[in-house]
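Some notes on the structure that comes next.
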Amino acid sequence: MVTMAKVILPGGEAVEAQGIPFLDLLGPRAKGAAGALWNGKLLDLREPIPAEGETRILTLADPEALEVLRHTAAHVLAHAVTRLFPGTKLAIGPAIADGFYYDFLFPEPISHEDLPRIEEEMRRIIAEDLPLERVWLSRQEAEDLLRERGENYKLELLAEIPGDRISFYRQGEFLDLCRGPHLPSTGLVQHFKLLDLAGAYWRGDPNRDMLTRIYGTAFPTAEELEKYLKWREEARRRDHRTLGPQLDLFSIQNDMIGAGLVLWHPKGARIRRLIEDFWVAEHYRAGYQLVYTPHIGRSRLWQTSGHLDFYRESMYAPIVIEGQEFFLKPMNCPFHIAIFKTKTRSYRELPLRYCELGTVYRFERSGVLHGLLRVRGFTQDDAHIICRPDQVEEEIKNVLRFALYILRAFGFTAFTAYLSTRPEKFIGNPADWERATEALRQAAEAEGLAYEIKAGEGAFYGPKIDLEVQDSLKRPWQLTTIQFDFNLPERFDMTYIGPDGREHRPYMIHRALLGSFERFLGILIEHYGGAFPVWLAPVQAVVLPVSKNEVPYAEKVAALLEAEGIRVEAWTKEGKTLSWLVREAQMQKIPYILICGPREVAEGKAALRLRTGEDLGPQPLPEVIARIKAASAQRTQAL
RNA sequence: GCCAGUGUAGCUCAAGGGGUAGAGCAUCCGCCUUGUAAGCGGAAGGUUGCCCGUUCGAGUCGGGCCACUGGCUCCA
């Protein structure tokens with residue numbers, strides 16, 4: 001008996017067919033169809049219907065078809081480029097999370113000004129509604145064709161494709177090595193935009209050619225494209241590099257002080273101190289002990305730790321004094337280990353959890369510096385847990401739970417974990433690795449965390465789990481990292497005396513929850529759009545007099561709030577109208593604006609305006625104080 | 001480090017294809033005495049990122065540094 005395959009049409013109707021291409025089956029109904037989904041695999045509509053199973057025809061509206069749309073958009077881009085810039089060599093052009101890109105080697109450099117021209121040519125190709133045809137060539141034919149065209153990158157790709165049937169796609173005069181799938185015709189790519197121009201190494205290898213990458217995006221509808229562009233605009237508006245100086249939180253004065261070195265202004269420092277206080281209190285509560293260690297250490301230390309052998313290019317040059325070499329610390333671990341080693345340790349003391357807000361310096365290459373997110377001097381919220389093998393599971397579980405607790409306090413609610421396992425080159429014994437990796441896995445599961453395994457991506461010294469959070473714009477950021485270290489305990493010969501009276505090697509876990517204060521502040525600024533929750537707002541309330549007659553009252557109100565522990569300012573400078581002051585307070589995103597006019601003075605109240613623009617009218621002062629305190633205790637953006 | 005681009009007053013931006021720089025806001029000084037997102041006037045503020053070069057003359061053209069932006073590689 002022959003089982004026919006089932007094809008589900010966009011309307012939901014099921015048809016039985018096999019062997020013939022989808023497009024033949026669909027006929028006129030192919031309009032708007034983008035691809036087919038069979039066993040979770042995207043198929044091209046030109047392919048024959050599989051012999052068995054169920055296939056669903058996708059329209060552009062199906063989320064699964066987005067990839068096909070964008071991949072085809074990338075081909076349209078490449079097509080346009082070959083028309084406008086003859087002699088351009090093609091590399092690769094995949095769909096990515098937010099759109100697509102295509103890498104080219106242009107005969108002459110191009111710039112952003114060329115993007116509109118390219119878009120225009122793309123529109124032409126789309127208007128021509130060229131059918132995309134799949135062409136199968138033998139390996140020899142493919143090689144001859146690519147060689148004749150001088151497509152060196154494609155030849156390199158070809159060499160890695162197995163088999164003798166090589167898939168190409170043709171649209172009009174444009175032919176590209178590609179395994180598809182693609183939309184039936186270029187006319188289906190309606191809503192697209194070229195976004196950026198960037199350099200990219202061929203195959204990501206810094207030793208190979210630097211290509212020009214053109215980024216773009218495409219959506220099935222104009223609304224979705226518009227929404228995406230708006231989102232990008234909003235993200236730009238929230239950029240911490242704009243908001244930071246605007247809100248007077250920090251500056252980076254590269255000319256005078258140096259690239260990647262951050263100045264924390266009073267308001268930024270205020271936020272930082274609030275985070276630090278919270279962090280330290282919570283760490284003591286969780287059984288950590290705070291330590292302080294120096295910023296520099298002798299070369300012997302870094303020799304022993306192995307940093308001079310493996311990490312030197314990321315370290316600042318040595319400071320030589322009295323014939324000794326000192327290095328700025330790029331990490332805190334060796335110092336914490338040194339504290340551990342000051343005496344003979346008993347198994348009864350473990351686990352030891354040393355935490356430190358440790359400032360480190362790393363010589364990051366100039367091209368990678370980026371606002372607060374990538375700097376050269378930064379303070380990690382670091383800790384090292386030194387424990388017995390039998391304590392590993394419990395410790396890891398606690399660290400992970402602790403990390404989630406801390407991150408949630410900052411309004412992060414969506415997390416993804418990445419579990420990186422043993423790489424090819426590793427040190428330590430496989431049994432330890434297995435145990436550690438298992439502990440990480442179990443902890444993630446115990447917390448109900450979605451995690452992805454990055455096989456072989458662990459550091460050479462141990463497996464790790466990283467937490468990625470999403471900010472309020474759903475952008476991912478990696479903050480927390482929890483790493484095992486099988487290297488340093490060995491190198492520093494760390495031991496403790498077990499119940500058997502003999503020396504044993506402890507496990508060491510390195511972890512940072514917020515990552516670094518610099519990066520974290522940058523992320524927080526963007527996450528909150530500068531409108532910090534009350535507990536973190538550098539100025540929580542501002543008191544504005546309507547005229548100079550109310551200045552004394554405004555100052556009295558401010559003093560009253562200050563006595564209640566509220567961070568408040570009275571803005572009493574002359575020559576500014578109330579409107580001006582309100583505007584200024586709004587732009588500073590101060591949560592509460594207290595306005596005092598003759599009415600409020602008479603009634604002993606303050607008119608309360610929220611950062612949101614909401615005007616609550618005159619309120620008795622005790623109520624205002626209670627409201628601010630309650631909001632602060634909540635640690636949310638609610639006012 | 002690499003590719004492309006950018007660098008003008010504290011900030012945001014102007015200065016037709018070379019003729020020694022302008023505006024708004026902020027700042028300061030006056031006036032106004034203000035009721036919920038910019039009251040009015042005036043002053044001050046720049047060796048146009050830095051250094052060479054071409055030119056009678058460079059913000060503008062060329063070269064080299066420095067820094068930043070978008071990426072790549074790397075990373076807290």
Side-chain angles (χ1 to χ4, degrees), chain A residues 101 103-106 109-115 195-215 236 239 241-242 245-246 248 251-256 258-260 311 313-314 330-332 358 360 362-382 459 466 477-481 483 510-520 522-523 544-551 574-588 593-600 607-610 613-618:
Chain A
Y101 68 79
D103 285 348
F104 305 97
L105 185 68
F106 286 94
I110 68 159
S111 73
H112 278 88
E113 281 80 70
D114 294 305
L115 293 184
L195 301 170
D196 269 313
L197 197 61
Y201 296 111
W202 167 235
R203 318 221 89 176
D205 184 344
N207 299 315
R208 309 208 52 186
D209 294 346
M210 177 55 83
L211 308 173
T212 304
R213 175 171 298 179
I214 298 177
Y215 283 95
R236 218 191 313 273
D239 194 319
R241 292 165 302 178
T242 315
Q246 224 168 62
D248 201 13
S251 63
I252 300 174
Q253 301 172 19
N254 38 65
D255 280 345
M256 182 63 99
Y311 203 74
E313 77 279 7
S314 297
M331 295 181 189
N332 304 300
V360 297
R362 298 184 188 172
F363 191 75
E364 302 286 352
R365 290 181 296 177
S366 57
V368 308
L369 299 175
H370 180 96
L372 288 177
L373 301 182
R374 194 73 184 275
V375 294
R376 284 180 174 162
F378 56 99
T379 302
Q380 294 180 304
D381 70 314
D382 211 356
D466 296 322
W477 302 95
Q478 195 220 296
L479 299 177
T480 303
T481 181
Q483 312 190 353
H510 169 106
R511 45 114 287 192
L513 307 185
L514 307 178
S516 79
F517 278 91
E518 285 72 11
R519 179 176 289 185
F520 194 65
I523 292 165
L544 310 181
V546 170
S547 79
K548 72 177 171 196
N549 298 326
E550 293 82 29
V551 166
E574 291 181 42
K576 298 294 178 191
T577 59
L578 181 62
S579 287
W580 189 94
L581 293 169
V582 168
R583 178 171 188 265
E584 188 62 23
Q586 287 284 156
M587 290 197 308
Q588 290 297 314
I593 302 172
L594 280 64
I595 293 159
C596 303
R599 263 202 319 271
E600 285 74 21
L608 186 60
R609 179 188 163 116
L610 305 181
E614 198 182 343
D615 184 357
L616 299 177

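Chain letters run A, B, ... following the sequence lines, proteins first, then strands; residues in each count from 1.
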Tabulated below should be each protein N or O lying under 3.5 Å from an N or O of nucleotides 29-31 of chain B; please produce it.
none

Can a side-chain donor-acceptor contact be found between A:E550 and A:S547 if the only test is distance below 3.5 angstrom? yes
Tabulate atom names and distances for all N/O pairs under 3.5 angstrom spanning the protein and nucleotides 36-38 of chain B.
unit_1 : atom_1 : unit_2 : atom_2 : d
B:rU36 : O3'    : A:R609 : NH1    : 3.4
B:rU36 : O2'    : A:R609 : NH1    : 2.8
B:rA37 : OP2    : A:R609 : NH1    : 3.4
B:rA37 : N7     : A:R609 : NH2    : 3.4
B:rA37 : N6     : A:Q586 : NE2    : 3.2
B:rA38 : N7     : A:R583 : NE     : 3.4
B:rA38 : N7     : A:R583 : NH2    : 3.3
B:rA38 : N6     : A:R583 : NH2    : 2.6
B:rA38 : N1     : A:R583 : NH1    : 3.3
B:rA38 : N1     : A:R583 : NH2    : 3.3
B:rA38 : N3     : A:R583 : NH1    : 3.2

Salt-bridged, A:D239 to A:R241, with N to O below 4.0 Å? yes
Are A:R213 and A:F104 close enough that some pair of their side-chain heavy atoms sits under 4.5 Å apart? no
Would you mind pulling out the nucleotide paired to B:rA44, Watson-Crick or G-U wobble, both distances under 3.5 Å? none
Ranking A:I252 and A:S111 by the position along RNA chain B of their nearest nucleotide, the one closer to 5' is A:S111
In this structure, how many angstroms lie between the C1' atom of B:rC3 and the CZ atom of A:F104, rounded? 15 Å
Quick one: label A:L369 by what it contacts on the DNA or RNA (base, sugar-phosphate, nothing), any heavy atom closer than 4.0 Å. sugar-phosphate
Would you call A:R609 and A:D615 a salt bridge, using N to O less than 4.0 angstrom? no
Is A:P598 touching bases, backbone alone, or none of the nucleic acid, heavy atoms closer than 4.0 Å? base
Keeping A:D114 on the side-chain end and A:S111 on the backbone end, is there a donor-acceptor pair under 3.5 Å? yes
Donor-acceptor check, side chain of A:D382 to backbone of A:A512, threshold 3.5 angstrom: yes or no? no
Side chain A:S516, main chain A:Q380, donor-acceptor under 3.5 Å: no
Could you point out which residue of A:E518, A:R519, A:H370, A:E364 forms a side chain to side chain contact (heavy atoms under 4.5 Å, CB included) with A:V375? A:E518
Letter by letter from the 5' end, nucleotides 71-76 of chain B scores (B base, S sugar-phosphate only, - none; protein heavy atoms under 4.0 Å) BBBBBB
With a 4.0 Å cut-off on heavy atoms, is A:I110 in touch with a base, just the backbone sugar-phosphate, or nothing at all? sugar-phosphate
